[in-house]
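Here it is, the structure, as structure tokens.
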Amino acid sequence: MAKAKIFADRNMTAGKIDPNIYASFLEHLGRAVYEGIYEPGHPAADKDGFRRDVIELIRELNVPLVRYPGGNFVSGYDWKDGIGKKSERRARLDLAWTSVESNEFGTDEFMKWCRLTGIQPMMAVNMGTGTPKDALELFEYCNHPSGTYFSDLRRKNGAKDPYGVKYWCIGNEMDGEWQICGLDADAYGKKALQTARMLRWADAKKADEEGAVKLVVCGSCHADMPTYPEWDRIVLEHTYDEVDYLSMHRYYEYRPAERNALENFLYSADDMSDFIETVKATIRYVRTKKRSKRNVYISFDEWNIWTTAAERTAPDWIRAPHLLEDVYTFRDMLVFGGLLNTLLNHCDIVKIACLAQLVNVIAPIMTEKGGAALRQTTFYPFRYAANFGRGETMRSITECGTFSSKRGEVRMLNEAVTHDAEKRQVCVFVCNYGQETADVDLELRSFGDLTCREFVSMENNDLGAFNTFADPERVKPVEHEPVAMRSGRAAVRLAPMSWNFLRFEY
Ligand code: AHR
């Protein structure tokens with residue numbers, strides 16, 4: 001039995017949680033769109049072909065914002081192929097995922113889906129084969145009311161009112177050599193600045209002005225890139241005055257063949273923390289160098305666990321191939337819970353985070369063609385965080401043991417404590433990464449008279465356990481008796497290798 005302590009004080013805040021920290025991502029990749037959110041003819045599909053069973057699960061996840069249409073896909077995508085009469089749309093090669101894009105689903109369908117689900121769109125523009133002019137034309141199509149070629153084209157295509165898209169990503173992973181027409185930092189920085197200026201002019205609002213659109217510029221696509229963090233500095237030096245967010249991407253992988261594979265994998269949340277701290281410092285550096293008063297935040301617009309086991313390229317040029325259909329284990333869920341805690345603990349700088357992705361492709365939701373929709377193991381920590389991790393994150397202090405991994409020391413407990421003053425609610429999200437039960441002295445005295453309303457955990461003797469369509473509830477949360485509070489303290493027992501959620505009210 002390991003002894004540990006978690007302490008949080010209501011005056012020690014780490015920052016305000018932007019609800020967009022619970023955003024997600026849908027790319028034209030594999031079966032994310034086709035057979036994922038869109039499947040005409042499916043028994044649960046509505047008249048537009050949107051799967052209502054999938055929408056219900058997305059609603060459970062309380063996702064506020066979805067990035068679209070890529071990803072690597074966007075760097076070869078001509079958005080004009082995806083509008084107008086469906087029968088006249090052209091199928092095109094998608095070089096990013098060696099697939100065929102039918103273009104049956106495009107901007108108008110995505111906007112319709114967003115309206116239906118109440119989700120805000122976050123549009124990515126093509127900075128690979130695309131030009132600033134293409135980006136401007138998409139902007140005009142989406143956001144200009146009427147009286148110009150592209151705004152009137154949108155109206156002709158059935159959308160009288162502009163879509164009012166607020167969030168725009170200027171390209172995707174432009175530092176990657178796999179990116180269609182990727183660029184070096186200097187070239188991308190210049191192109192991104194020109195694009196940002198054109199979008200600002202079209203918006204007729206300056207950066208930071210009330211109601212102005214929000215622009216995201218590409219940061220390093222992961223921390224192992226040889227150009228990281230110089231890429232981030234150079235791109236920001238070009239664009240700092242015009243953009244609102246710098247993007248970050250990071251995927252973690254379980255490598256069973258490695259020595260101490262589990263320990264290394266459990267280090268992921270600490271690694272993510274380190275990555276965020278470095279990018280935050282880079283933003284600070286450029287802000288100071290430019291003598292700027294404005295803030296640029298982080299849009300962590302791709303994060304998840306991604307193992308190499310699932311197919312990454314389609315064997316043939318086909319439509320909607322089975323790609324990146326990772327099956328998430330209980331072990332993945334434990335690391336995933338830790339990554340969510342890291343994002344919460346850095347909510348002062350991370351204002352958008354997109355779980356990549358939402359359906360079928362490295363996703364918490366899987367679907368069968370013509371069949372059911374399934375919650376993967378990672379669905380649950382996300383659901384609890386997105387529904388209850390609101391308000392602000394507290395600066396928690398934890399005393400616990402550590403263990404070693406190839407990359408650094410890992411803390412046995414990985415936690416985030418949130419406080420929602422409006423709801424008079426305190427939530428504790430905590431992973432026990434230790435092999436022993438942890439007896440935790442949880443001290444929340446400064447919040448006053450707290451009552452525990454919920455104690456939920458995910459525990460499993462088999463770290464490799466996962467959900468399937470035949471056994472969809474093999475891994476899911478279990479409810480416990482709420483813990484007793486005595487003078488603002490509770491003794492909480494956490495099972496070995498478990499994810500836990502406690503909710504208190506005052
Ligand atoms: O999310 C899958 C892919 O990962 C995205 O297309 C790309 O941006 C990243 O490399």
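Count residues from 1 along the sequence. Indexing begins at 1, ligand by ligand and atom by atom, following the structure's order.
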task: Among all protein heavy atoms, pick out the one at the shortest distance from atom 6 (O) of ligand 1; state its residue, atom name and that distance to 0.1 Å.
output: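 The answer is E27 OE1, 2.6 Å.
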
query: So, is the end of the R331 side chain (NZ or CZ) under 6.0 Å from the ring centre of Y254 and within 45° of the ring's axis?
result: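 Yes - R331 lies over the ring of Y254, closer than 6.0 Å to its centre and within 45° of its axis.
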
- prompt: Which atoms of ligand 1 are found less than 4.0 Å from any heavy atom of E173?
  reply: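 Ligand 1 atoms under the 4.0 Å threshold to E173: 7 (C), 8 (O), 9 (C), 10 (O).
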
- prompt: Which one of H249, Q357, R250 satisfies the side chain to side chain contact (heavy atoms under 4.5 Å, CB included) criterion with E302?
  reply: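 It is H249; the other options fail the test.
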
task: Under 4.0 Å from a heavy atom of I362: give me the atoms of ligand 1 that qualify, with their elements.
output: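 In order of numbering, the contacting atoms are 1 (O).
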
query: Just distances here: any N/O of N172 and N/O of ligand 1 closer than 3.5 Å?
result: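 N/O-N/O distance under 3.5 Å: yes.
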
Carboxylate-amine/guanidinium contact D134 K80, below 4.0 Å: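 Looking at K80 together with D134, the answer is yes, because their closest N to O distance falls below 4.0 Å.
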
message: Looking at K351 and D244, is any side-chain nitrogen of the basic one under 4.0 Å from a carboxylate oxygen of the acidic one?
response: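 No, this pair does not count.
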
message: Taking 4.0 angstrom as the limit and counting only heavy atoms of Y251, give me the atoms of ligand 1 inside it, by number and element.
response: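 Close to Y251: 1 (O), 2 (C), 4 (O).
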
- prompt: Taking only heavy atoms of G71, which atoms of ligand 1 are found under 4.0 Å from at least one of them?
  reply: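 Answer for ligand 1: 5 (C), 6 (O), 8 (O).
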
field: ligand 1-proximal atoms of W303, by part, heavy-atom distance under 4.0 Å
entry: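 Neither; nothing of W303 gets under 4.0 Å from ligand 1.
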
message: Check contact between F73 and ligand 1, using heavy atoms of the residue and a distance below 4.0 angstrom.
response: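 In this structure, F73 fails to qualify as a contact of ligand 1 - no heavy atom is under 4.0 Å.
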
field: Taking atom 8 (O) of ligand 1 as the reference point, the nearest protein heavy atom with its distance
entry: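 Scanning the protein heavy atoms, the shortest distance from atom 8 (O) of ligand 1 goes to E302 OE2, 2.7 Å.
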
task: In plain terms, say whether R89 and E109 are close enough for a salt bridge, that is, a side-chain N and a carboxylate O under 4.0 Å apart.
output: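 So R89 pairs with E109 through a salt bridge.
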
query: Numbering the atoms of ligand 1 from 1, which are under 4.0 Å from a heavy atom of F25?
result: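 This gives 1 (O) as the contact atoms.
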
message: To check you understand the geometry: which heavy-atom pair defines the closest contact between H222 and Y228, and what is its length?
response: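 Looks like O-CB, 4.0 Å.
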
query: With a 4.0 Å cut-off, would you call D203 and K205 a salt bridge?
result: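 Looking at K205 together with D203, the answer is no, because their closest N to O distance does not fall below 4.0 Å.
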
